[in-house]
Number of protein chains: 2
Amino acid sequence: MAGFDRYSNVLRLFSADQSSLTVAQMAKAVRLPTSTVYRTVRELVASGFLESAAGSYFRLGPTFIEYNRTINQTDPLILSGDEHLQQLADVLPQPGATVLARLYGNQVMCVADARSPSFRHDTSFQRGVPMPITRGATSRAILAQVRGKRLDRLLLSTELESGVSRQGFKQELKQIRRARLSVTRNEVDQGLVGYAVPVSNRSLGIEASLSCIFSDIDHSPDWATEIAEILWSSAKRMEDDMQHAFERIAGNSKPPS
Amino acid sequence: MAGFDRYSNVLRLFSADQSSLTVAQMAKAVRLPTSTVYRTVRELVASGFLESAAGSYFRLGPTFIEYNRTINQTDPLILSGDEHLQQLADVLPQPGATVLARLYGNQVMCVADARSPSFRHDTSFQRGVPMPITRGATSRAILAQVRGKRLDRLLLSTELESGVSRQGFKQELKQIRRARLSVTRNEVDQGLVGYAVPVSNRSLGIEASLSCIFSDIDHSPDWATEIAEILWSSAKRMEDDMQHAFERIAGNSKPPS
DNA sequence: ATCTATTTTATCATATATTGATAATTTGGC
DNA sequence: GCCAAATTATCAATATATGATAAAATAGAT
């Protein structure tokens, strides 16, 4: 094994289910001799990517919290989401959750979320969870903004559902792009329905979506138009926020025009 | 440059002030040829530690958000903090902020914070910010729990303030350990006073502190006893929470007895 | 505090991956 | 479709990683 993978493979062993591991466990998992893994771990500890815990265990280190903070403080999308997402959840015509998700490399990840106080369902979209890029309104509203070769490459990196052709899926994305809205039900979470609209900023290279999620049972399609209007106006506000953020930092540490 | 430092040095260039960089900028900063940095960046992008943005800029990637989430979901201290910190802020005898910080390798980092609604001061301790390990009540209440060689090594990794001897500082820590309380003013933020008590769990290898911060102006030392009592009882609850968490996961992916 | 099992670090010859200058290719903006 | 800039590929020289083993340090128990 070579390069960054050597480190990445060790870090990947740490998850919500396995939050601490001994060197022996890591060595077994990555099929490398203990001495090699010790060296790798020592380097990761020195940079704060891992930390040594009690009982010769290791766990994820403070560096992740630190960089996460940097992202929170600098990502215009997240900043704008923190500003508007809760307010949006409060004005929905019925209790629901609001989600801001973004295309990150070739995955879609929720970067901020809020919910009306009385909405108690579990939703898959929570901050930090990578999502399938072709399933659910949230992801599709994002993909609909991507075109040409980049879209092809993205679609190559995932399996489409059985029975759906690449052409058919692209056609669906085209419709979503025209409607500026994607609505799905039961695609990500059973019993939930999602509405999503695109949010983007070209100069910042941000392709995202703003969505809200309701329980399918007590949801009436009559609200659809009103919901779409609310989402569009919030999305507009966020795009304006991002553009202002871009102009504020332009010439400083940001892309030129 | 060799090993993980090659990657770490590039990542370290990204901060709140410089959230996106071109390869040319990185190459200049780390004094390496562009071709080498391109390769490094490519590897980091492949693992989601960086992502390519518009205008040939790169920025921190989704992996940090993902691992941050894993930490939030698994760290018993953070879980307990989320549970109690806001409530604690609400029962303080006067408006203030509450902070949970933890020794992470050889740095102290705030891992959770809350504040009474009417407390409007800026405090340095915010989630994800590394702090000096010898300054402020928060850090000292943590250091007071560390002894022997580990303490020596920690103190070697920092500069003490001028005029303070290593012996004298250790003596102060001893007093804090006996009193189970540290109080400082103007040490971290001007015009603020901080109270901190130790929080720890031996079997989880967690050494932390729970603290609250008030504005010095409208703060009366008469509250000191009451504040200490509130902190101690919250700290006790958190330690119980952590012990339960430890017992729940013991034998699964955690240190043996 | 002393002893002991276990964890962690150090050593070193060999194989392998990294390096960086340059060339070839791709990309994105007009 | 054109052009400048960004990105990737190439390759020989060289520095670094590797892993078996030995030495040292550490933590737990007595």
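Chain letters run A, B, ... following the sequence lines, proteins first and then strands; every chain starts at 1.
Aromatic pair B:F14/A:Y67: centroids not less than 6.0 angstrom apart.
With rounding to whole Å, B:Y57 atom OH is found 13 Å from D:dA5 atom C1'. Per the geometry, CZ belonging to A:F58 stands 12 Å off C1' belonging to C:dT9, to the nearest Å. For the pair A:D5 CG and D:dT18 P, the interatomic distance rounds to 12 Å; values are reported in whole Å. If you measure from atom CG of B:L44 to atom C1' of C:dT18, you get 15 Å, rounded to the nearest angstrom. Separating the OH atom of B:Y7 from the C1' atom of D:dT16 is a distance of 12 Å, rounded to the nearest angstrom. A:E43 has its CD atom 15 Å from the C1' atom of C:dA10, to the nearest Å. Here C:dT8 presents its P atom at 4 Å from OH of A:Y38, a figure rounded to the nearest Å. The CZ atom of B:F4 sits 14 Å away from the P atom of D:dT18 (whole-angstrom rounding).
In terms of phosphate contacts, B:R6 brings a side-chain nitrogen or oxygen within less than 4.0 Å of OP1 or OP2 of C:dT19. Between A:R42 and C:dT8 there is no side-chain polar atom (N or O) within less than 4.0 angstrom of OP1 or OP2. Between B:S35 and C:dA21, a side-chain N or O to OP1/OP2 separation shorter than 4.0 Å is absent.
Applying the salt bridge (Lys or Arg N to Asp or Glu O under 4.0 Å) test between B:D75 and each of B:R102, B:R127, B:R69 identifies B:R102 as the sole match.
A perpendicular orientation is assigned to the rings of A:F4 and B:F49, their planes being inclined by more than 60° (bins at 30° and 60°).
Mapping B:S52 and A:A2 onto DNA chain D via the closest heavy atom, the residue that lands nearer the 5' end is B:S52. Of the two residues contacting DNA chain C, namely A:R39 and B:R31, the nearest-nucleotide position lying further toward the 5' end is that of A:R39. Residue A:L32 is the one, among A:L32 and B:R202, whose nearest nucleotide of DNA chain D lies closer to the 5' end (criterion: closest heavy atom).
Salt bridge status for B:K236 with B:D240: present, with a side-chain N to carboxylate O gap under 4.0 Å.
If you check every strand for non-hydrogen atoms under 4.0 Å, B:T36 touches a base.
If you check the side chains of B:S203 and B:N201, you find a donor sitting under 3.5 Å from an acceptor.
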